[in-house]
Structure formats: structure tokens, C-alpha cells
Number of protein chains: 2
Amino acid sequence: MALEHAILVSLLEKPGSGYELARRFDRSIGYFWAATHQQIYRILKRMENDGWVEPREVAQQSRPDKKEYSVAAPGRAALAQWLHEPIEPESVRHELAVKIRGAAFDDPAALLHEVERHRRAHADRLAHYRAGELRDFTGPDAPAPDVGRELQHVVLRGGIAYEQMTLAWLDDVIATLHRLGAEKR
Amino acid sequence: MALEHAILVSLLEKPGSGYELARRFDRSIGYFWAATHQQIYRILKRMENDGWVEPREVAQQSRPDKKEYSVAAPGRAALAQWLHEPIEPESVRHELAVKIRGAAFDDPAALLHEVERHRRAHADRLAHYRAGELRDFTGPDAPAPDVGRELQHVVLRGGIAYEQMTLAWLDDVIATLHRLGAEKR
DNA sequence: GTAACCATGTAACCGGTTACATGATTAC
DNA sequence: GTAATCATGTAACCGGTTACATGGTTAC
């Protein structure tokens, strides 16, 4: 389980409310660990009870008040402990791969649209990552690098590499499906 | 949810018992969709109740008897329906990425061993995939290709591409952690 | 004798998903 | 007025993980 740790990391990078965390999980850190606001509020409450995070009421003008959380010492300690525990190299969970193998028992060509849709989604994500890289790390207006930024950047490079690889593979899948369709004729 | 569909695909490729399925999920199809034997038995039972699969008692010598399942018409129909439903391009869930960003609030160099351990695991998996590719698809003793095999092969190529990409990225991570450690001195 | 493999399950727990719920403000 | 954004939750369900349980066979 790493969602609580992901939240701790995000709050250490910058304190914020549950809502703000949910938005971050739609962006940066959420690219590698997805979470909905329901999950986040639940875990935030548990971590507050355990003394891992501390809320601060922030009154806002022309917006609802919010609870801004920051990490307390026990939360930092819990994160440090987790960082020193080994984790299992994870196995991928690739639903599309199951579909592709399943297509052998249906019509392979019928999968083309689905695969092409996935290709577009991954191309969009890659463009998005690259724009973020330029804005935050390699562009002329990027902030000065430090340890935290370097580590964020290497994680983002991982996301970019993943999307590039996925695009190339989906092209391979599309070509294979075309070929199988052509052979049948 | 795709585990039941993954099981259907696996049973269509070759009928088998729950135990055999569990072994396959430790190999081929499980590279893209992990499952334990407990899960498999539970879903197998449910699918049997729903008439999606049919068991056949097989007596074995010098081994316990087994129930060999094969896919019945309703199961095939359920699979076909799922194949035609669009699925969301999935987001990765990368615990190591959370750790890397978290290392900014701990000692980045302390992560090196963990990252190197993951690197070795992925190198092993890549070697394993490549051996399987040679054995089943590209080697001189590989069976003759057909639609099913072509699709299995393109999925395996995806696994190989994923592991290659991951290895290159982990090298990037290792170099970055070294650099950050050197700068601090 | 003991470890590895074959074979099938039950039970408890926990995390993730989906649906429901509320209410204010801002921009069109 | 209506859609989008900000803000925080509850509840039900379901799937996945972990622990427990049993019992036979084969190879060292």
C-alpha cells in the first residue's frame, strides 16, 4: 500500500487541502499512482487521527474554507520507514494485452479502433508530459534545480519513456492487426 | 474487471484446471494480469455457476484428480461482448516512482540498493521473455504461426519493450542518484 | 525425512470504485 | 439559468491480498 505514502510525499513537496491533493493526483504524482478524492479524504482523515498530518483551517474569500494539511513528525517517520523497506518489483496490469490475445477468438480487425483510440490517448499524454518537462525542468523559465526537482524530473523522464515505448508498441499492434486482416482476405 | 476475461482467454487457448491456470498466471498471461490461485478458484466457481465454463473430471495416475475447465457458449459470448466494449487507457501504478520522489525528504543515496535490486529483477524478466520468444516464436523449433500465435507474439513484444524501457530508465535513475550523492560531498 | 510439486479450497480484511449528497462562487 | 470550479464528505460494493487448511506424490 502506497497511497498514504504518496500523499505524504505530495504534502511534503507542498502542503494542501484534500481537494488540492485530488487535483495533484490528476496530474503529476497521479501519473504514477492514481487516486480519487474519496480515497484521499478517507486516508487524510485516518492519517490525521494517527497524528501523521496536521490540518490548518484556512479561511478564503469568495471560496469555501479549506483544511490545509501538512506532515507532522510521526508522518515523516512513517514515510522514512517505508522508504527503507524493500518493495516487490511490480507486475504490469495491462487490460489491452488481454483483449489482444482474446481477439484471436473474435475478429482481430474489430480491435483496431480500440487500439487506435488508446494510441491517441497515449500520444496526448506524451505531449502533456513533454510540455510539463519544458515548463518545469528544461525550458528557459524553469526554476533552479535542486535535489527534489532532480528526482521529480527523473520520474517524469520515466513517464515520457513509458509513453514513447507504448506508442511504438501500439504501432506494432496496429500493423500486426492490419497484417492479420489482410492475410485473411 | 478483466480477470474473468483473462481466464476465459486462457481457457480458450487451452482448457485446464484451476491449478494449471494459476501456473499460467505465473507465466505468460500473468505477465500482463497477475492473479493468485485463490482468486482463480473463486472466479472459476462463479463462472461455473453462471454456465460460462464447464468442468470435466479428469482422473490422473500418481497425481490428484483435477477438474479441467473449458469455455461454454455463454462464456464465449460474454468474452465477445467485453471485447467490443471500450476500456480506459490505463494509468500506471508505479510504487518505485513514489519512493524516488519521497527520497528527496530522506537520503537519496539510500535508495540505490533498492533501485539496483529492481534493475536486476527487470533484467531477469527481460531475459526470460527473450528466451520465451525464441522458444515459441522466432527460434527454429517454434510452432507454425497462426492468428492466435501472432497475437500472443505481439503481446510478448510489448512485454519485451516494457522491460527494455524500464531497464534504461532505471539506469537513468541510478545515474541521477549517483550524481546527487556526489554533489552533496 | 523433507522439500518441491500437484491440487483445491475457506475466511478475514482492506483498498479501490462507484454512486450519492451538499453547497457556495464565478464566468458565459 | 447553467455549466464549471472549489470544497468535503458518506455508503455500498467488489476485487485483491493474506493467512489458514488439507492431503497426496515424487525426487533427493
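The chains referred to below are lettered A, B, ... by the order of the sequence lines, with proteins before strands, and numbering in each begins at 1.
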Worksheet item: Between B/Gln60 and A/Gln39, which is nearer to the 5' end of DNA chain C once each is assigned its nearest nucleotide?
Response: B/Gln60
Worksheet item: If you check every side-chain atom of A/Ser17, which of C/dG15, C/dC6, D/dT8 has the closest atom?
Response: D/dT8
Worksheet item: What is the nucleic acid contact for A/Gln38, judged by heavy atoms within less than 4.0 Å: base, sugar-phosphate only, or nothing?
Response: base
Worksheet, complete the sentence: Assert: residue with more 5' nearest nucleotide on DNA chain C, out of B/Glu68 and B/Arg93, is B/Glu68
Discussion item. Closer than 4.0 angstrom, basic N to acidic O: yes or no for A/Lys14 and A/Glu20?
Written reply: no
Discussion item. Using side-chain heavy atoms (C-beta onward) and a distance below 4.5 Å, is B/Leu79 in contact with B/Trp52?
Written reply: no
Fill in: Selected nucleotide, minimal atom distance to A/Arg63 side chain, candidates C/dA7, D/dA7, D/dG16
D/dA7
Worksheet item: Using the benzene-type ring in the case of Trp, are the ring centres of B/His94 and B/Trp169 under 6.0 Å apart?
Response: yes
Practice prompt. Specify the separation, in whole Å, of atom CD1 of B/Ile43 and atom P of C/dG9.
Written response: 14 Å
Worksheet item: In whole angstroms, how far is the C1' atom of D/dG24 from the OH atom of B/Tyr19?
Response: 12 Å
Practice prompt. Measure the distance from NE2 on B/His37 to P on C/dC5 and round it to the nearest whole Å.
Written response: 15 Å
Practice prompt. Round to the nearest Å and state the distance from A/Tyr41 atom OH to C/dT22 atom C1'.
Written response: 12 Å
Worksheet item: Taking NZ, NE, NH1 and NH2 as the nitrogens, is one of them in A/Glu150 or B/Arg179 under 4.0 Å from a carboxylate oxygen of the other?
Response: yes
Worksheet item: Can you check the B/Arg23 CZ to C/dA7 P distance for me, whole Å?
Response: 9 Å
Item to complete: Calculate the interatomic distance between A/Trp33 atom CH2 and C/dG16 atom P; express it in whole Å.
Response: 7 Å
Worksheet item: B/Arg56 CZ to C/dT8 P: how many Å, rounded?
Response: 13 Å
Discussion item. Could you check whether the side chain of A/Arg42 and the base of C/dG16 have a donor-acceptor pair of N or O atoms closer than 3.5 Å, going by distance alone?
Written reply: yes
Worksheet item: Can we say B/Arg117 and B/Glu114 salt-bridge, meaning some charged N sits less than 4.0 Å from an Asp/Glu carboxylate O?
Response: yes
Item to complete: Take the protein atom CG of A/Leu21 and the nucleotide atom P of D/dC6, then report the distance between them rounded to whole Å.
Response: 14 Å
Worksheet item: Think B/Thr36 has a side-chain N or O under 4.0 angstrom from the OP1 or OP2 of D/dT18?
Response: no
